[in-house]
Amino acid sequence: MMLPSEKIGNEFYQSLGKLFYAVAMADKNVRPIEIERLNEDVQKYWLSVDAIEDEFGTDAGYQIAIVFDWLQQEEKESNTYYQEFVDFYHEHPSKFNTTIKQLIFKTADDIASSFANKNKSELILLAKLRLLLH
């Protein structure tokens with residue numbers, strides 16, 4: 001049985017997966033280098049954020065990459081997933097301290113910068129994210 005705080009923790013990582021997918025998909029195309037950068041950042045930053053595990057006993061940080069991969073088959077608009085992240089952000093403000101906000105922006109920026117630097121649609125999404133987080 002999952003505790004409510006663990007459920008919110010898993011939803012937190014799933015919402016990050018949606019956000020990072022929205023960033024990668026901003027230009028209507030997810031490239032292998034963007035997936036690679038996401039996976040690097042999950043390993044480097046997100047697995048050590050907390051001790052929350054998913055229902056299988058795996059670090060909940062992996063939910064970011066799992067949701068990102070799953071969304072690639074959905075092929076919906078980037079804005080749909082960005083808005084779902086925004087909704088979660090507003091519903092659970094206590095999950096987003098200064099360090100987490102910095103990590104979120106760093107990961108989003110790393111994904112956007114990974115392929116031929118940032119294009120206009122990625123820059124717009126990053127600007128919206130920066131405003132949201134500040």
Side-chain angles (χ1 to χ4, degrees):
M1 181 75 188
M2 199 178 280
L3 297 170
S5 62
E6 291 172 332
K7 183 178 184 306
I8 300 296
N10 277 293
E11 290 173 7
F12 167 74
Y13 288 111
Q14 291 165 6
S15 75
L16 290 177
K18 292 175 184 178
L19 169 66
F20 299 144
Y21 178 79
V23 171
M25 191 63 178
D27 61 356
K28 311 271 189 262
N29 195 354
V30 177
R31 293 178 174 79
I33 189 73
E34 292 171 317
I35 299 166
E36 194 176 304
R37 183 54 55 88
L38 170 75
N39 289 327
E40 286 172 11
D41 280 11
V42 166
Q43 290 290 326
K44 195 186 300 184
Y45 307 118
W46 292 104
L47 297 182
S48 60
V49 165
D50 56 36
I52 295 176
E53 295 181 343
D54 64 17
E55 62 269 26
F56 305 108
T58 305
D59 190 301
Y62 285 115
Q63 289 291 319
I64 296 170
I66 291 166
V67 167
F68 187 102
D69 289 344
W70 182 75
L71 293 177
Q72 290 185 79
Q73 284 114 50
E74 293 293 298
E75 296 180 14
K76 289 186 185 167
E77 284 292 308
S78 169
N79 288 338
T80 302
Y81 298 117
Y82 177 76
Q83 190 56 52
E84 287 181 24
F85 170 78
V86 170
D87 294 344
F88 183 88
Y89 180 84
H90 289 303
E91 288 168 23
H92 304 283
S94 65
K95 299 298 288 179
F96 297 90
N97 63 35
T98 303
T99 303
I100 293 297
K101 289 177 183 180
Q102 290 169 342
L103 272 180
I104 289 169
F105 195 83
K106 172 151 185 33
T107 302
D109 191 60
D110 286 351
I111 292 166
S113 301
S114 65
F115 181 82
N117 223 328
K118 299 173 204 111
N119 63 41
K120 184 179 177 186
S121 52
E122 290 167 333
L123 287 171
I124 291 168
L125 191 57
L126 287 173
K128 285 171 45 178
L129 180 61
R130 186 179 295 283
L131 285 173
L132 175 70
L133 298 175
H134 288 92

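The shown structure was predicted, so the numbers you read here are calculated from the model rather than taken from an experiment.
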*Establish whether L47 and I66 are linked, either directly or via other cluster members, by ILVMFWY side-chain heavy-atom contacts under 4.5 Å.*
yes
*Roughly how far, to the nearest 0.5 Å, is the CG atom of D27 from the CD atom of E34?*
6.0 Å
*Note: R37-E40 ion pair, threshold 4.0 Å (strictly below)*: yes
_Which heavy atom of F68 sits nearest to which heavy atom of F20, and what is that distance?_
CE1-O, 3.4 Å
_For the backbone of L103 and the side chain of Y45, can you confirm whether one donor and one acceptor N or O come within less than 3.5 Å of each other?_
no
*Identified side-chain contact (heavy atoms from CB on, under 4.5 Å) partner of L38 from the options V23, I33, I64*: I64
_Pairwise distance OH(Y21) to CD(Q72) - rounded to 0.5 angstrom_ = 6.0 Å
*Going by atom types alone, do Q83 and D87 pair a side-chain donor with an acceptor below 3.5 Å?*
yes
*Do K128 and N79 come within less than 4.5 Å of each other through their side chains, counting heavy atoms only?*
yes
*Taking all atoms of both residues into account, what is the closest heavy-atom pair of A22 and S78, and its distance?*
O-OG, 2.6 Å
*At what distance, to the nearest 0.5 angstrom, does CZ of F85 lie from NE2 of H90?*
9.0 Å
_Minimal non-hydrogen separation, L19 against Y82, with atom names_ = CD1-CD1, 3.6 Å
*So do L16 and F88 actually touch side chain to side chain, heavy atoms under 4.5 Å?*
no
_Distance (rounded to the nearest 0.5 Å) between M25 CE and T80 OG1_ = 10.5 Å
*Using modelled atom types only, decide if a donor and an acceptor are shared between the side chain of S113 and the backbone of D110 within a distance under 3.5 Å.*
no
*asked:* If you count heavy atoms of other groups shown closer than 6.0 angstrom to NZ of K44, is the number above 12?
replied: no
*Heavy-atom closest pair, residues N39 and A65*: OD1-CB, 3.5 Å
_Quick check for you: to the nearest 0.5 Å, what is the distance between L129 atom CG and T107 atom OG1?_
10.5 Å
*asked:* Please say yes or no: joined through hydrophobic side-chain contacts below 4.5 Å, possibly via intermediate residues, are F115 and I124 part of one cluster?
replied: no
*Locate the shortest heavy-atom distance separating A112 from E122; write the atom from each residue and the value.*
O-OE1, 3.4 Å
_Is there a side-chain contact between F105 and H134 in this structure, where contact means two heavy atoms from C-beta onward sitting under 4.5 Å apart?_
no
*Given the rule that I, L, V, M, F, W and Y join up when any side-chain heavy atoms are under 4.5 Å apart, are V67 and L125 in one cluster?*
yes
*Could you please spell out the steps behind the ring pair (Phe, Tyr, Trp, His ring centres under 6.0 Å) verdict for Y13 and Y62?*
CA-CA 8 Å; Y13 288 111; Y62 285 115; 9.9 Å; no
*Where I111 and S114 come nearest, the two heavy atoms and their spacing*: O-OG, 2.8 Å
_From D109 atom CG to I104 atom CD1, the distance as rounded to the nearest 0.5 Å_ = 13.5 Å
